[in-house]
Amino acid sequence: MGLESLDIPVKFAVYSMILDAIAVAAGFALAWVLGFKDDEPTAALSKEEAKKAAIGQKKQLGKEEVDSPLEGNVLPLCEARDAAFSEGIMGKGVVIEPTVGEVVAPFDGTVMTLFPTKHAIGLISDNGTEVLIHIGIDTVQLEGEGFEAFVEQHAKVKKGDKLVTFDIKAIEEAGYSTQVPIIVTNTPDYADVIASSKSSVKKGEVLITAVISN
């Protein structure tokens, strides 16, 4: 049974567990990246130390811009056809109705979660921004049909790298929405998460700005 077919309370609990898993993995990734300098081995940073280091980097930047991972029409998150997204349970973000069935990396970072059905992928940027890209609503029911992944879990990616392709027509013909919610899952780490006001967007254009608090 997929996440989308569960009752809402159960679904939220499952999503929460997924986000906890992403957070743990993110802490490990940051500890690995920040625990080495000039190719000289040092002790790995604790999760708390890694988080503090990441926050320090973010404050220096002032903000992090998340580019659009796909092309299409932009909708506010409240118009997502799934309450877990539209009610902001998983964090702030935006919805894209795709016109091209290809998802690319919105920043330099790491693939932290890739669902076996390939309909959802979780990423963390090199600066610590965690993003979930969920392709379609209830599309877990397709069991991967119409989806193809070009990366593996834990892979390092560069902005613009191809991540996943999907068949828009096949998803629609199967009776599912092709909406793609794009969520900053560590929203509480930021002063604000601002979605683009554009009505349409192309890959590589700024879609979300995460503002770092002083």
Side-chain angles (χ1 to χ4, degrees), residues 2-4 6 8 11-27 29 54 58 63-98 103-115 117-140 147 149 151 153 157 159 163-164 166 176-198 201 203 205-212:
L3 296 182
E4 289 84 347
L6 298 174
I8 293 298
K11 186 196 305 183
F12 288 171
V14 175
Y15 273 129
S16 179
M17 287 187 288
I18 291 173
L19 294 183
D20 287 343
I22 292 175
V24 171
K58 290 175 186 176
K63 64 180 180 180
E64 176 153 27
E65 294 178 338
V66 178
D67 287 354
S68 180
L70 68 168
E71 296 183 12
N73 300 316
V74 181
L75 298 175
L77 189 61
C78 63
E79 294 188 24
R81 297 179 184 177
D82 187 314
F85 300 117
S86 64
E87 295 179 7
I89 300 299
M90 301 181 67
K92 293 184 178 181
V94 68
V95 172
I96 291 182
E97 292 184 331
V103 175
V104 302
F107 43 53
D108 295 347
T110 303
V111 177
M112 300 312 301
T113 305
L114 177 62
F115 281 63
T117 50
K118 305 177 184 67
H119 77 290
I121 185 169
L123 307 167
I124 180 170
S125 78
D126 288 344
N127 294 317
T129 302
E130 300 168 19
V131 170
L132 174 68
I133 303 170
H134 194 285
I135 307 168
I137 304 297
D138 292 330
T139 45
V140 66
F147 295 85
V151 292
Q153 192 157 305
V157 295
K159 183 166 61 175
L163 303 179
V164 178
F166 56 100
Y176 299 105
S177 169
T178 59
Q179 283 189 344
V180 180
I182 301 167
I183 309 297
V184 175
T185 54
N186 62 333
T187 289
D189 289 348
Y190 297 94
D192 201 0
V193 173
I194 304 169
S196 171
S197 60
K198 294 181 178 180
V201 70
K203 288 179 290 187
E205 295 181 344
V206 176
L207 180 67
I208 296 171
T209 301
V211 181
I212 291 84

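Numbers here are sequence positions counted from 1.
- Here the shortest heavy-atom pairing between Leu114 and Ala149 reads CD2-CB, 4.0 Å.
- Expressed to the nearest 0.5 Å, how far CD1 of Ile212 lies from OG1 of Thr209 amounts to 9.5 Å.
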Table please: side-chain donor-acceptor pairs of residues 66-76 below 3.5 Å, with sequence neighbours left out.
| from | atom 1 | to | atom 2 | distance (Å) |
| --- | --- | --- | --- | --- |
| Ser68 | OG | Leu70 | N | 3.4 |
| Ser68 | OG | Leu70 | O | 2.5 |

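- With sequence neighbours left out, the salt bridge (Lys or Arg N to Asp or Glu O under 4.0 Å) criterion links Glu205 to Lys198.
- Rounded to the nearest 0.5 Å, atoms CG (Asp126) and CD (Glu64) are 8.5 Å apart.
- Side-chain contact between Ile137 and Pro181 is present, with heavy atoms from C-beta onward closer than 4.5 Å.
- Looking at heavy atoms from C-beta onward, Thr139 lies out of side-chain contact with Phe166 at the 4.5 angstrom threshold.
- Between Phe147 and Ile135, some side-chain heavy-atom pair lies under the 4.5 Å cut-off.
- Listed by chain and number, the residues in a salt bridge (Lys or Arg N to Asp or Glu O under 4.0 Å) with Glu65 are Lys63 (sequence neighbours excluded).
- With a 4.5 Å cut-off on side-chain heavy atoms, Ile96 and Leu207 count as touching.
- Annotation: the span from Glu130 atom CD to Ile124 atom CD1 amounts to 4.5 Å, rounded to 0.5 Å.
- Within the 4.5 Å cutoff, the side chain of Leu123 has heavy atoms near those of the Pro106 side chain.
- Here the closest non-hydrogen pair linking Ala195 and Gly93 is CB-O, 3.9 Å.
- Here Val104 pairs with Glu102, Lys203 under the side-chain contact (heavy atoms from CB on, under 4.5 Å) rule; sequence neighbours left out.
- Annotation: side-chain contact (heavy atoms from CB on, under 4.5 Å) contacts of Ser86 (sequence neighbours excluded): Ala80, Ala83.
- A heavy-atom distance below 4.5 Å is not found between the side chains of Val201 and Val94.
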Original post:
Please walk me through it: do Val151 and Ile121 pass side chain to side chain contact (heavy atoms under 4.5 Å, CB included)?
Top reply: CA-CA 10 Å; Val151 292; Ile121 185 169; 4.0 Å; yes
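- Once rounded to the nearest 0.5 Å, the distance linking CG of Asp82 with CG of Asp138 reads 6.5 Å.
- In this structure, Asp108 contributes its side chain and Lys159 its backbone to a donor-acceptor pair below 3.5 Å.
- Residues Val95 and Glu79 form no side-chain contact, since every pair of their non-hydrogen atoms from C-beta on lies 4.5 Å or further apart.
- Taking Thr187 as the reference, Lys92, Val184, Val193 meet the side-chain contact (heavy atoms from CB on, under 4.5 Å) condition, with sequence neighbours excluded.
- Counting only heavy atoms from C-beta outward, the side chains of His119 and His134 approach each other to under 4.5 Å.
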